[in-house]
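Structure first, commentary second.
Order of the sequence lines sets the chain letters (A, B, ...), proteins ahead of strands, with each chain counted from 1.
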Protein chains: 2
Amino acid sequence: MSVVHVDAQGGAYPIHIAAGRLAQLADTVPADTSAIAIVTNPTVAALYLAPVQEALAAAGKPIHVIELPDGEAYKNWESLNLIFDALLGAHLDRKALIVALGGGVIGDMAGFAAACFMRGVRFVQVPTTLLAQVDSSVGGKTAINHPLGKNMVGAFYQPIAVEVDTEVLKTLPAREISAGLAEVIKYGMIYDLDFFDWCEEQVGPMRTLEQEQIVYAIRRSCEVKAEVVSQDERESGLRAILNFGHTFGHAIESGMGYGQWLHGEAVGCGMIMAAELSALVCGLPAQDVARIKALVQASGCPINPPQWPAERWLELMQVDKKNEGGQLRFVLLDKLGHAKVQAVAPDVVRQVLARFTTVEQE
Amino acid sequence: MSVVHVDAQGGAYPIHIAAGRLAQLADTVPADTSAIAIVTNPTVAALYLAPVQEALAAAGKPIHVIELPDGEAYKNWESLNLIFDALLGAHLDRKALIVALGGGVIGDMAGFAAACFMRGVRFVQVPTTLLAQVDSSVGGKTAINHPLGKNMVGAFYQPIAVEVDTEVLKTLPAREISAGLAEVIKYGMIYDLDFFDWCEEQVGPMRTLEQEQIVYAIRRSCEVKAEVVSQDERESGLRAILNFGHTFGHAIESGMGYGQWLHGEAVGCGMIMAAELSALVCGLPAQDVARIKALVQASGCPINPPQWPAERWLELMQVDKKNEGGQLRFVLLDKLGHAKVQAVAPDVVRQVLARFTTVEQE
């Protein structure tokens, strides 16, 4: 079993990565837990709720199940309230343990509910998508979406443990694996050139979920993210580099309607756009832009953004949380393996957008 | 000007207490603030929005005003969402400053919105009720109500400053002054016998808002609360003593429908009930129970609880956040000036409830 130790302001916790980890979940239940609430969705429940319930039963606590509708479109107030309704309806108290069983949407909502319920109860992340395993499992970000922007309402809140079972990836659609790989390769681009090189070589075995490669990819991703986050928990500086590709990516997600593109797909495509912007603004060499594009493509993510007028893009990016005082800010690569955050003038963004326009616009 | 320094886990901050403090609000605006959002309600806005806007204008930042419906009944998701809608509609960013101008409901909601908006922006409390000045201004508790319980969804989140203007108390209804005094005298009962003695002597001048007495009452209340909270920020132990009278009080508020009794009124009456329970469970002398009852009455709060069957009371108290594993827990006085938290069997609670029953029940 691989273990990554995360040292966060709100508390340290382990990430356990292994095939068959689901069966060990009772180990993560603190002795003074009064009851367990599993938050999941129908898709994941059909596959893994029974084994998870069986594993948790060994802890000898009452178990409640809260099923939320499936999909990013439901990452909202209404779903969050379903959790509170269920927790309060079952008379759960401050010693309750929330188990988030699902992808990033479930993790974000169950985590935010844990942060807010009675002003904070403990929770365990059991991420069932590759994206959630390499991204949302580290960093303590929880949130819901608002009609005017993604992840606009949330909290920094740490789980007491993250339990990654690589076996569950076998039931994921290939598209979801590719979306997860977009975040994996991102860590190489922004922070670790060696890992980027490794990803270029191993993208095939990663896509087919070879055990050795997928465990290493998850572990290294969590390590890089933990390293970056521990230096800047509240995203005032360094942490923002984790959002490489996300400014364009969020615009794609929100402009297309949440759930049309997978988050990782939007980020994959967004990284290509951010690489082009990096070339223009801080001289990232053309061959590195090409390597980034090739690796995104090899991971199976879309490489062509939606065809929108520049003003539509700019409007969508206006609500990004990185912005300050109305200025657009982007994560850029000054070289492959090193990122920084920088304000970029709208005209420069327009130039880059023009490179991705394949049809004439009025 | 009186200043209380609060040293909280989430950051230290000052409480400034003075007549005319509203006019100095621009001093509290950090230099890097991008915009200010004043959250208030129509009642407070009619009296103080104009002077507050004028004072804040000196900081030279854009000012937005968000008015929420007035009253505890509106301390809910819908009102909270009005804040998020307004903040996002105005394109506010992470450097926004939220100013909570109002009583406890406004402070709780604006504070919780500040805690969640983009996962946390700065906020300043400008409490305009006595209750808010002596209670919610210290301790970092923010929350909204849920149909199944009060303050069930919230966060621990600290303001960057609390600005108490004693002048604003002059426009408060006498009933609100009395409700605030319930919390003032509570600090004496649970923590500071000298202050209790002082309150017995000065309750008259406090009710008529004599400057010297009211400033001292606010300062000493904030000091006691800050001392208790600094020893136990997350309410695992000591901090719970601040809820003296609140288990019964919350039952009254929620059973009568939020907003029928003022929070302080319910707590005042609840303290008399908790004193009787203390007599029964830990031998608080009868003359101390009598002093408590007399001081609650002298402060102008109701002393007779609603006439409900015992089972109704027990059901209403079942959701209290202090409960663990289904057991009812109460704050009790083992002597005047010293409190502790203890589980109490339902039958013992029934005995105390019977003492407050003035009519026969079937």
Please output the side-chain donor-acceptor pairs of residues 56-66 of chain B that fall under 3.5 Å, not counting sequence neighbours, one pair per line with the distance.
{"unit_1": "Lys61(B)", "atom_1": "NZ", "unit_2": "Ala31(B)", "atom_2": "O", "d": "2.8"}
{"unit_1": "Lys61(B)", "atom_1": "NZ", "unit_2": "Thr33(B)", "atom_2": "O", "d": "3.0"}

### Residues, nucleotides or ligands: over 12 heavy atoms within 6.0 Å of Tyr13(A) OH
yes
### Message
Is Leu80(B) close to chain A through its backbone or its side chain, or both, or neither, when contacts mean heavy atoms under 4.5 Å?
### Response
side chain
#### Entry: Distance-only polar pair, side chains of Asn81(B) and His146(A), donor-acceptor under 3.5 Å
no
### Query
Minimum heavy-atom separation for Arg119(B) to Ala143(A), with atom names?
NH2-CB, 3.6 Å
### Task
Could you tell me which portion of Asp85(A) (side chain, backbone, both or neither) has an atom closer than 4.5 angstrom to a non-hydrogen atom of chain B?
both
### Task
Can you sort out the partners of Phe84(B) under ring-ring contact (aromatic ring centres under 6.0 Å, His included), two or more places apart, ordered by chain and number?
Trp77(A)
### Task
Calculate, to the nearest 0.5 Å, the distance between atoms CG and CD belonging to Leu88(B) and Gln318(A) respectively.
12.5 Å
